[in-house]
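Have a look at the structure below before the remarks.
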Amino acid sequence: MHLAYPAVLAALLFCTGLYGVLARRNAILVLMSVELMLNAVNLNLVAFDVWLRDTLHAGQALTLFTIAIAAAEIGIGLAIVLMVYRNRGTSDVDKLRDTAEGHEPEQRDRPDQTTARPEVAA
C-alpha cells in the first residue's frame with residue numbers, strides 16, 4: 001500500500017474538520033470537528049508508523065496517547081458546553097462572546113420607582 005492513500009484521506013478529514021471549526025456556530029458541532037481533526041492526525045501517525053516499519057511502533061503509541069487526550073477533551077468540553085447552555089440558554093458560539101460577569105448591561109431605575117424608605121412617625 002502506498003503512503004499517498006492514507007495521507008490524502010487524512011488531509012481530506014483534516015480539511016473537513018477545519019471547515020467545521022471555522023464555519024459552524026454550534027459549540028457541539030465545533031467539538032465534533034475538532035475530534036475529526038484529531039482522527040486525521042491519528043490516521044497519519046499510524047500510516048507513517050506502518051510505512052517506516054518502526055520496531056518500537058512509536059506512531060501507534062502516540063495514537064493511543066492522542067485518543068486518550070481527545071477523550072478527556074471531549075468530556076470536559078461537553079461538560080462546559082452543557083453548563084453554558086444551562087446558564088445562557090444557547091450553545092451558539094457567536095452569542096457567547098460576552099460571558100464575563102462584568103459585561104452585563106446595567107438596569108437603570110425608572111423615575112416612577114422610589115427607592116427611599118418611607119419615614120416612620122415616632
Side-chain angles (χ1 to χ4, degrees):
M1 180 174 76
H2 294 283
L3 182 63
Y5 298 131
V8 168
L9 179 62
L12 289 174
L13 282 173
F14 192 85
C15 290
T16 305
L18 185 63
Y19 173 75
V21 167
L22 295 176
R24 298 293 179 184
R25 300 295 177 235
N26 191 348
I28 295 175
L29 293 177
V30 171
L31 286 174
M32 288 173 58
S33 298
V34 169
E35 291 294 321
L36 194 62
M37 292 167 64
L38 287 172
N39 285 332
V41 171
N42 288 339
L43 181 61
N44 266 336
L45 284 171
V46 171
F48 276 99
D49 184 55
V50 169
W51 184 64
L52 293 174
R53 292 184 173 87
D54 187 17
T55 57
L56 294 176
H57 299 292
Q60 293 179 13
L62 284 174
T63 299
L64 290 174
F65 182 70
T66 306
I67 290 171
I69 294 297
E73 175 259 334
I74 197 68
I76 292 173
L78 190 59
I80 291 171
V81 168
L82 287 174
M83 187 60 69
V84 166
Y85 182 77
R86 283 184 188 171
N87 290 337
R88 295 285 181 163
T90 184
S91 63
D92 189 7
V93 177
D94 287 337
K95 293 179 182 176
L96 299 176
R97 292 180 190 240
D98 296 327
T99 57
E101 292 180 25
H103 295 289
E104 299 283 331
E106 294 181 13
Q107 295 179 356
R108 297 183 180 173
D109 292 333
R110 288 182 279 177
D112 57 88
Q113 292 179 342
T114 59
T115 58
R117 290 185 288 163
E119 295 184 25
V120 178

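All values reported here derive from a predicted model rather than from experimental measurement.
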query: Given a cutoff of under 4.5 Å between side-chain heavy atoms of I, L, V, M, F, W and Y, with clusters grown through shared members, what are the other residues clustered with Leu13?
result: Leu9, Leu36, Leu43
message: Per the side chain to side chain donor-acceptor pair (under 3.5 Å) rule, what does the pair list look like for residues 6-25, sequence neighbours excluded?
response: Arg25-Asp94
message: Suppose the criterion is side chain to side chain donor-acceptor pair (under 3.5 Å): which pairs have a residue in residues 57-67, not counting sequence neighbours?
response: Asp49-His57, Asp49-Gln60
query: What's in the same ILVMFWY side-chain cluster as Leu52, cut-off under 4.5 Å, chained through other members?
result: Leu3, Phe48, Trp51
task: Could you list the residues that satisfy side-chain hydrogen bond (donor to acceptor under 3.5 Å, both in side chains) with Asp92, not counting sequence neighbours?
output: none
message: Membership question, hydrophobic clusters at under 4.5 Å side-chain separation (ILVMFWY): are Met83 and Leu78 in the same one?
response: no
query: Just how far is it from atom CD of Glu35 to atom CD1 of Ile67, taken to the nearest 0.5 Å?
result: 10.0 Å
query: According to a 4.5 Å side-chain heavy-atom criterion applied to Ile, Leu, Val, Met, Phe, Trp and Tyr, with indirect links allowed, do Leu56 and Leu64 form part of one hydrophobic cluster?
result: no
- request: Would you name the heavy atoms of Val30 and Gly20 that are closest together and state the gap between them?
  value: CG2-O, 4.4 Å
- prompt: So which heavy atom on Ala40 is nearest to which on Phe14, and how close?
  reply: CB-N, 3.6 Å
- prompt: Which residues pass the side chain to side chain contact (heavy atoms under 4.5 Å, CB included) test with Leu62, sequence neighbours left out?
  reply: Leu45
